[in-house]
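Below is one structure, written out as structure tokens, with a few remarks after it.
The structure displayed is predicted, hence computed values, not measured ones. Naming: A, B, ... by sequence-line order, numbering from 1 per chain.
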Number of protein chains: 2
Amino acid sequence: MVSNVFDLEYRTRRVSALRTRLAESGCRITPQRLAILDALVNGASHPTAEEIYALVLKVSPTTSLATVYKTLDTLKALGEVQELELGSGRNHYDAVDPVAHPHVVCTQCGRIEDVRIEGASRLLEEASRASGYQLLTERLEFFGICHSCQTTKN
Amino acid sequence: MVSNVFDLEYRTRRVSALRTRLAESGCRITPQRLAILDALVNGASHPTAEEIYALVLKVSPTTSLATVYKTLDTLKALGEVQELELGSGRNHYDAVDPVAHPHVVCTQCGRIEDVRIEGASRLLEEASRASGYQLLTERLEFFGICHSCQTTKN
DNA sequence: GTGGGTGCAAAGGATTTGCACCTCC
DNA sequence: GGAGGTGCAAATCCTTTGCACCCAC
């Protein structure tokens with residue numbers, strides 16, 4: 001179920017931090033929101049709203065998909081969730097590491113993984129200088145075939 | 001109307017090349033398609049489907065939006081148009097330079113511009129090496145405030 | 001107690017599709 | 001002449017919204 005590189009201790013702390021952040025922002029802590037936070041951090045990495053919803057239902061069966069979207073909106077506004085729009089029709093969400101970072105996407109199986117790129121941090125300021133824009137954030141996404149799909153015959 | 005850096009001569013040649021490409025791919029050359037090619041290359045840079053449609057209507061008033069989308073699909077399949085999904089709800093299209101390249105996006109006025117970044121070409125192979133993916137294409141997008149919006153008081 | 005949160009259902013909006021008619025080659 | 005393209009309208013699908021009810025603080 002857990003396919004990201006962040007260990008259990010980190011993820012436990014992350015859920016606490018998100019909970020605290022919500023509370024300190026004047027938001028109420030509801031069972032639905034707790035279930036959503038858990039699904040976001042401890043479920044499969046880069047989940048869709050639908051995938052979060054499926055996990056939440058196991059714990060809180062009357063929760064609605066609309067509530068999932070509303071909570072994601074709240075977390076986005078707090079900067080605690082990054083929304084990944086990869087053109088697949090549905091968006092993915094990253095609350096484990098909400099700071100913009102590069103991703104690789106498998107165009108065959110849809111898998112999404114973080115990728116470390118030397119010098120990626122320099123790109124934003126370089127783009128700022130070259131364009132004259134006051135740049136705040138970025139999206140770095142790479143598309144291709146993952147290792148697993150490379151070795152699997154169709 | 002023309003806000004990109006590609007000059008008239010280049011754009012005229014580009015329209016010809018697209019027309020030839022369609023013909024050689026077994027596609028028919030219709031007045032609608034010619035109008036769409038012209039709008040894509042000679043209209044404002046990085047247009048939406050709706051913006052292309054508006055330009056096409058001036059020349060070919062009975063054309064439908066569905067035809068615009070279908071032709072864009074055809075050109076995408078040929079690799080002659082790049083689809084930019086910037087999360088604004090509507091997609092933008094680049095047929096002037098269909099090869100993936102970095103863009104800066106103004107979050108205030110929506111302007112999109114090409115930006116040259118030193119060493120951007122190295123990123124794909126670096127991401128390939130770091131991830132083990134067989135990467136084919138990328139998206140490099142930077143978001144912030146354009147020069148014009150910086151100097152304009154709200 | 002009360003204002004924010006929830007759940008339902010309906011709306012929204014860009015894009016896609018089905019199909020009868022048309023036209024480019 | 002016939003396959004491919006067009007135009008209309010309806011369908012799709014993710015996401016958002018309105019509103020009455022509920023519950024965390």
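- Checking B/Tyr133 against A/Glu113 by side-chain atom types alone, a donor-acceptor pair falls below 3.5 Å.
- At whole-Å resolution of the value, OH in B/Tyr53 and C1' in C/dT15 are 14 Å apart.
- When each of B/Thr67 and B/Gly26 is assigned the nucleotide of DNA chain D with its nearest heavy atom, B/Gly26 is the one assigned upstream, toward the 5' end.
- We find that A/Glu80 and A/Arg14 are joined by a salt bridge, their nearest charged nitrogen and carboxylate oxygen being less than 4.0 Å apart.
- Counting to the nearest Å, the P atom of D/dA24 and the CG atom of A/Leu22 are 15 Å from each other.
- Put simply, CD1 on B/Ile29 is 15 Å from C1' on D/dT6, counting in whole angstrom units.
- Contact annotation for B/Thr62: backbone-only contact, meaning every heavy-atom pair under 4.0 Å involves sugar-phosphate atoms and none involves a base.
- Salt-bridge check for B/Glu125 with B/Arg129: failed, with every basic side-chain N at 4.0 Å or more from each acidic carboxylate O.
- No close placement of the B/His92 and B/His103 rings is indicated, their centers lying 6.0 Å or farther apart.
- In the hydrophobic cluster analysis, where Ile, Leu, Val, Met, Phe, Trp and Tyr join through side-chain heavy atoms closer than 4.5 angstrom, B/Val68 is grouped apart from B/Val59.
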What pairs of nitrogen or oxygen atoms, one from the protein and one from nucleotides 9-14 of chain D, lie under 3.5 Å apart?
from   : atom 1 : to      : atom 2 : distance (Å)
D/dC14 : O3'    : A/Gly89 : O      : 3.4

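- A/Ile52 has its CD1 atom 10 Å from the P atom of D/dT15, to the nearest Å.
- Contact annotation: B/Thr30 reaches the phosphate of D/dT6 (side-chain N/O to OP1 or OP2, under 4.0 Å).
- Side-chain atoms of B/Thr71 and B/Thr74 include no donor-acceptor pair closer than 3.5 Å.
- Around the CZ atom of A/Arg13, the shell of radius 6.0 Å holds more than 12 heavy atoms that belong to other residues, nucleotides or ligands.
- Nucleotide C/dG7 holds its P atom 11 Å from the CG atom of A/Leu65, rounded to whole Å.
- Atom CD in A/Glu85 sits roughly 16 Å away from atom C1' in C/dT15 (whole-Å rounding).
- Applying the 3.5 Å distance criterion, the base of D/dG5 shares no donor-acceptor pair with the side chain of B/Arg28.
- Taking only side-chain nitrogens and oxygens, A/Arg33 never comes nearer than 4.0 Å to OP1 or OP2 of D/dA24.
- As a whole-Å value, the separation of B/Leu86 CG from C/dA14 P is 15 Å.
- Residue contacts for A/Thr63: at a heavy-atom cut-off of 4.0 Å it reaches the sugar-phosphate backbone alone, with no base atom in range.
- No hydrogens or angles were tested; on distance alone, nothing pairs the side chain of B/Lys70 with the base of D/dG4 as donor and acceptor under 3.5 Å.
- In this model, the phosphate group of D/dG7 is approached by a side-chain N or O of B/Gln32 to a distance below 4.0 Å at OP1 or OP2.
- Following rounding to the nearest Å, A/Asp73 (CG) and C/dT6 (P) show an atom-to-atom distance of 12 Å.
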